[in-house]
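Take a look at the structure below.
Sequence lines set the chain letters: A, B, ... in the order given, protein chains first and strands last, and positions in each chain run from 1. A quick note: this is a predicted structure, and the numbers were derived from the prediction, not measured.
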Protein chains: 2
Amino acid sequence: MQRLPLYLRCLEDLGTGNTRISSDQLAEMANVTSAKVRKDLSFLGSYGVRGVGYEVEHLRFQIEGALGLSRDWAVVIVGVGNLGRALANYGGFPNRGFKVVGLFDDDSAKVGKKVAGTEILPMRRLNGVVKSTKADIGVITTPTAAAQDVADRLANAGIKSILNFAPQVLKVQEGVELRRVDLSTELQVLSFYLHRAGH
Amino acid sequence: MQRLPLYLRCLEDLGTGNTRISSDQLAEMANVTSAKVRKDLSFLGSYGVRGVGYEVEHLRFQIEGALGLSRDWAVVIVGVGNLGRALANYGGFPNRGFKVVGLFDDDSAKVGKKVAGTEILPMRRLNGVVKSTKADIGVITTPTAAAQDVADRLANAGIKSILNFAPQVLKVQEGVELRRVDLSTELQVLSFYLHRAGH
DNA sequence: GCCTGTGAAGGCATTCACAGCA
DNA sequence: TGCTGTGAATGCCTTCACAGGC
């Protein structure tokens, strides 16, 4: 399942040139094996045609459906530092079904300013905005020390999915989906391979 | 192995209070099972004491050794947008063995400016800086369109590890380790779970 | 008694290989 | 002939359970 977004990106990169694609071609683009592609796609149902391949548009539609991208998701971002700004400005979100409906930061120098057309609000407005916009996903881009408190507040406001960029392992109540992106971790994994390769 | 950085972070968060830790405690902190912790740590050698637990400092030292963090790694960042700035300013790097030795961007409005004490250089300087600093890791935070070209240039300059934040699947020659962090992918995975949970 | 280290069992993901259909 | 769909085989990771030391 983790690979469906990858396939989706490859299909998007394909442009309007090709109307069909084989598992071999898609595997080559995604840097995986063709057997993997076929197994993965067969979970969505049998949309390929033997001897021919997959219809690009139809496949995109099916993957988007499986990922729940056929509707829009409302996203709030907490912490408007460089990383928060990068996410708010990220062009990839709007046309992939993610809409930033709230930006929050308790730095009074930031409150009231706009980023990517959205006004930065103080944290006390979080609960209200989450409820009125029915926000689905919360993104944490605060400093480490604030992250757990923010996670609690998001959960209390009714958010069911949290993406955490702060370098801190968070606890959330059951029923709240939590993902973590840790920049240090990524570099440490690279370090491991470099080390192992003898560099 | 992917979990070693996680354990390391937990140990760091522990502060100076505890000198020993059990697999149960560490599992609780890291949100994994204690059997996993023990299996993972036993790969490093048998550093635990039955009936007691693991010595925190010693364990940190061993994990750092396994991850290759006992030396410093030199990092260059290409693309100084919000994300590039966020990484350059990221406080977690210096004290974890990662040193930013170069910032590159071809935007003439940025070249010559400093971020976190490092001057932004034009792309034509990349090759020279990578070689003179013996840089190990390249981070790509450019727009999508430039990413593949940057990856090629990094590889040609001798970089053996690339961390790619651009939403683009890259091709690199064999022997170059490539990791990818895709913000859209992360949100799409959350979308999948929300969708599946019936939201 | 407590907690690690680790065989054994179980489950999940990947790969193989080929039947089946256009 | 070409490429998908899929059982079967393989390998890997996780979990269980407990023997072994402190």
Open item on the list: Any base atoms under 4.0 Å from A/R20, or only sugar-phosphate, or nothing? Heavy atoms, all strands.
Closed with: nothing

Task: First encountered from the 5' end of DNA chain C, between B/S23 and A/V52 - done: B/S23

- [ ] Provide, to the nearest angstrom, the distance between the OH atom belonging to B/Y47 and the P atom belonging to C/dT6.
- [x] 12 Å

TODO: Calculate the interatomic distance between B/L59 atom CG and C/dC3 atom C1'; express it in whole Å.
DONE: 14 Å

Task: Separation of D/dG5 P from A/L26 CG (nearest whole Å) - done: 12 Å

Open item on the list: In whole Å, I'd like the distance from the CG atom of A/D40 to the C1' atom of C/dT15.
Closed with: 13 Å

- [ ] May I have the distance from A/K36 (atom NZ) to C/dT14 (atom P), rounded to whole angstrom?
- [x] 5 Å

- [ ] Take atom CD of A/Q25 and atom P of D/dC3, then tell me their distance rounded to the nearest Å.
- [x] 8 Å

Task: A/D72 and A/K99 ion-paired at < 4.0 Å - done: no

- [ ] Starting from P on C/dT4, measure out to CG on B/D24 and report it in whole angstrom.
- [x] 7 Å

Task: A/I137 backbone acceptor or donor facing A/S161 side chain under 3.5 Å - done: no

- [ ] Remember a base hit wins even if backbone is also touched, and classify B/F43 as base, sugar-phosphate or nothing at under 4.0 Å, heavy atoms.
- [x] nothing

Open item on the list: Can you tell me which nucleotide in D/dG5, C/dG5, C/dA22 comes closest to the side chain of A/Y54?
Closed with: D/dG5

- [ ] Output the single nucleotide from C/dG5, D/dT15, C/dC3 whose closest atom is nearest the side chain of B/A35.
- [x] D/dT15

Task: Set of side-chain contact (heavy atoms from CB on, under 4.5 Å) partners for A/S132, sequence neighbours left out - done: none

TODO: Using the closest heavy atom to pick a nucleotide of DNA chain C for each, name whichever of B/R38 or A/T33 lands nearer the 5' end.
DONE: B/R38

- [ ] Using salt bridge (charged side-chain N to carboxylate O under 4.0 Å, His left out) as the criterion, list what pairs up with B/E119, not counting sequence neighbours.
- [x] none

Task: Distance-only polar pair, side chains of A/R153 and A/N156, donor-acceptor under 3.5 Å - done: no

Task: Heavy-atom donor-acceptor pair, A/R50 side-chain to C/dG20 base, under 3.5 Å - done: yes

TODO: Identify which nucleotide among C/dC3, C/dA22, D/dT6 has an atom closest to any side-chain atom of A/K39, counting heavy atoms from C-beta outward.
DONE: D/dT6

Open item on the list: Expressed as a whole number of angstroms, how long is the span from A/L41:CG to D/dG5:P?
Closed with: 8 Å

Task: Residue met sooner reading DNA chain D from 5', once A/G51 and A/S42 are mapped to nucleotides - done: A/G51

